[in-house]
There are 2 protein chains.
Amino acid sequence: MITSTDILRKLDFFTEPGLKEELAQHGQVASFNKGDVIVRDGQYVKFLPIVLKGAIRVFQQSEDREILLYYVRADETCTMSLAAAYFNNKSTSHGVVTEPTDVLIFPAGMIEQWQLKYPSWNRYMMQMFRTRYDQLINSFQGVAFENIDTRVMDYLKNAARKANNQSVTLSHQQLADELGTTRVVVSRILKDYEHQNKIRLFRGRIELLS
Amino acid sequence: MITSTDILRKLDFFTEPGLKEELAQHGQVASFNKGDVIVRDGQYVKFLPIVLKGAIRVFQQSEDREILLYYVRADETCTMSLAAAYFNNKSTSHGVVTEPTDVLIFPAGMIEQWQLKYPSWNRYMMQMFRTRYDQLINSFQGVAFENIDTRVMDYLKNAARKANNQSVTLSHQQLADELGTTRVVVSRILKDYEHQNKIRLFRGRIELLS
DNA sequence: TCAGAACGGTATCAAAAGATACACAAGCAA
DNA sequence: TTGCTTGTGTATCTTTTGATACCGTTCTGA
């Protein structure tokens with residue numbers, strides 16, 4: 001079980017003691033399992049989450065297509081929720097937990113109060129907005145200018161680097177979803193890469209060579 | 001000539017008298033002409049601009065391609081500059097004036113101070129971040145899921161609506177740049193639309209019918 | 001152990017969009 | 001006027017990607 005002491009130790013980029021106290025006081029820890037839906041399109045956002053452990057996949061959906069915005073990982077918050085909560089708007093995206101996840105949630109109203117009191121809170125928000133925006137630009141650049149084979153390889157290398165492991169556990173379908181294309185296309189490209197000895201394919205797993 | 005009184009009257013979503021005073025005190029009005037470069041990739045951002053009149057085109061460039069992020073128009077600020085200024089980073093994008101433009105600029109350092117003093121300043125920043133992010137998602141959706149012919153028509157309708165005019169002054173090349181494609185493709189599509197009696201083409205001008 | 005789901009391989013076809021090339025017209029400056 | 005630049009029309013060809021269909025394999029739960 002996570003205690004408030006843990007929280008204070010963990011979120012140490014919040015430097016003001018007062019802010020830490022408020023985080024512990026107004027915040028509540030909630031745990032979720034893979035598949036749990038944290039935010040839904042059309043729902044009002046009353047609480048802002050900061051992920052302590054795990055990951056939330058945030059995406060938008062329109063008919064059959066979906067567009068991946070970002071993952072919220074440890075120490076991060078969801079800027080879509082932040083904006084929606086701040087303006088008391090409905091969410092325009094979905095947030096789904098992809099692995100066992102602990103989240104610190106607190107009432108939307110705190111956001112505005114903390115802005116006026118705690119510089120490190122402002123830094124945090126600015127940092128989050130900037131990171132998300134950069135990420136989105138990156139994805140955009142990818143979709144606009146790179147061929148899918150390149151994007152597949154970029155994704156794999158990135159995933160391998162993050163996991164610190166040459167082996168990426170992922171099905172072709174999942175990979176297709178991440179890149180906004182179809183399974184057949186991904187399978188085709190992966191097979192090519194395998195023939196070029198750049199990767200090796202297993203069921204549900206892709207291994208990077210070199 | 002724009003006076004400080006003008007500024008106070010214009011930016012009336014800044015509700016605190018103190019903030020208005022500071023805007024007038026620390027801010028300077030600068031005028032630019034079409035083609036002037038306000039921000040350059042790689043440059044440090046020491047001043048934050050708020051556009052009073054006109055428009056700045058903000059985009060990123062990589063080799064031959066460019067990606068349009070947004071236009072900064074009256075009452076708006078450039079979130080890329082805002083983030084860069086706040087963190088004392090170099091800019092990663094270009095800002096070019098596309099029509100005669102007046103800008104209120106003030107030192108980057110004010111941003112953090114105002115966050116702690118003026119709620120309406122915080123609202124303003126949040127609003128800008130949200131708007132830019134939504135716009136980028138929209139463009140992304142377009143590029144990812146719409147065919148170019150649809151995007152061309154969307155762009156034209158949008159431009160016509162904004163200008164409150166069925167006639168859009170724009171060359172095929174410019175339109176191609178906005179959409180991140182090539183002139184030939186745009187010409188082809190426009191010709192099709194003309195044959196379908198949806199538009200009429202002139203040199204440097206496109207007229208929407210219906 | 002058996003059925004069904006999830007996973008992956010592959011072939012065929014079609015559509016979308018980029019690349020290239022060339023022609024001509026309109027506008028502009030010397 | 002002449003020559004240069006900008007804008008536009010159009011044809012041809014190729015590449016990339018998506019759509020569809022069908023197959024076998026592996027895994028999992030009843």
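Just so it is clear, the model here is predicted, and its values are computed rather than measured. Heavy-atom basis, side chains included; hydrogens, waters and symmetry copies ignored. In what follows, chains carry the letters A, B, and so on, assigned in the order in which the sequence lines appear, proteins first and then strands, with residues in each chain numbered from 1.
The CG-C1' distance, from B:D177 to D:dG7, rounds to 13 Å in whole Å. Taking atom NE2 on B:H172 and atom P on C:dA26, their separation rounds to 15 Å, with Å as the unit. Atom CZ in B:R203 sits about 10 Å away from atom P in D:dG9, given to the nearest Å. Between the C1' atom of D:dT25 and the CD atom of A:Q173 lies a distance of 17 Å, rounded to the nearest Å. Put simply, CD1 on A:I206 is 12 Å from P on C:dC7, counting in whole angstrom units. A straight line from CG of B:L190 to C1' of D:dT8 spans 10 Å, rounded to a whole angstrom. Atom CZ in A:R205 sits roughly 11 Å away from atom P in C:dG8 (whole-Å rounding). A straight line from CG of A:L179 to C1' of D:dG18 spans 15 Å, rounded to a whole angstrom.
Between A:E112 and B:R123 there is a salt bridge, since at least one side-chain N of the basic residue sits less than 4.0 Å from a carboxylate O of the acidic one.
Aromatic pair B:F106/B:W114: centroids less than 6.0 angstrom apart.
A:V58 has its side chain out of reach of A:V39: every pair of non-hydrogen atoms, C-beta onward, lies at least 4.5 Å apart.
Minimum heavy-atom separation, B:R183 to B:A176: N-CB, 3.7 Å. When all heavy atoms are compared, the tightest approach of A:Y193 to A:D149 is OH-O, 2.8 Å.
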Which atom pairs, donor and acceptor, lie under 3.5 Å between side-chain atoms of residues 68-85 of chain A and protein residues at least two apart or in another chain?
unit_1	atom_1	unit_2	atom_2	d
A:Y70	OH	A:T79	N	3.2
A:Y70	OH	A:T79	OG1	3.4
A:Y70	OH	A:M80	N	3.0
A:Y71	OH	A:R57	NE	3.2
A:Y71	OH	A:E178	OE1	3.2
A:Y71	OH	A:E178	OE2	2.9
A:E76	OE1	A:R73	N	2.9
A:E76	OE1	A:R132	NH2	3.2
A:T77	OG1	A:P49	O	2.6

Take nucleotides 10-18 of chain C nucleotide by nucleotide from the 5' end and write B, S or -, depending on whether a protein heavy atom sits under 4.0 Å from the base, only from the sugar-phosphate, or from neither.
BBB---SBB

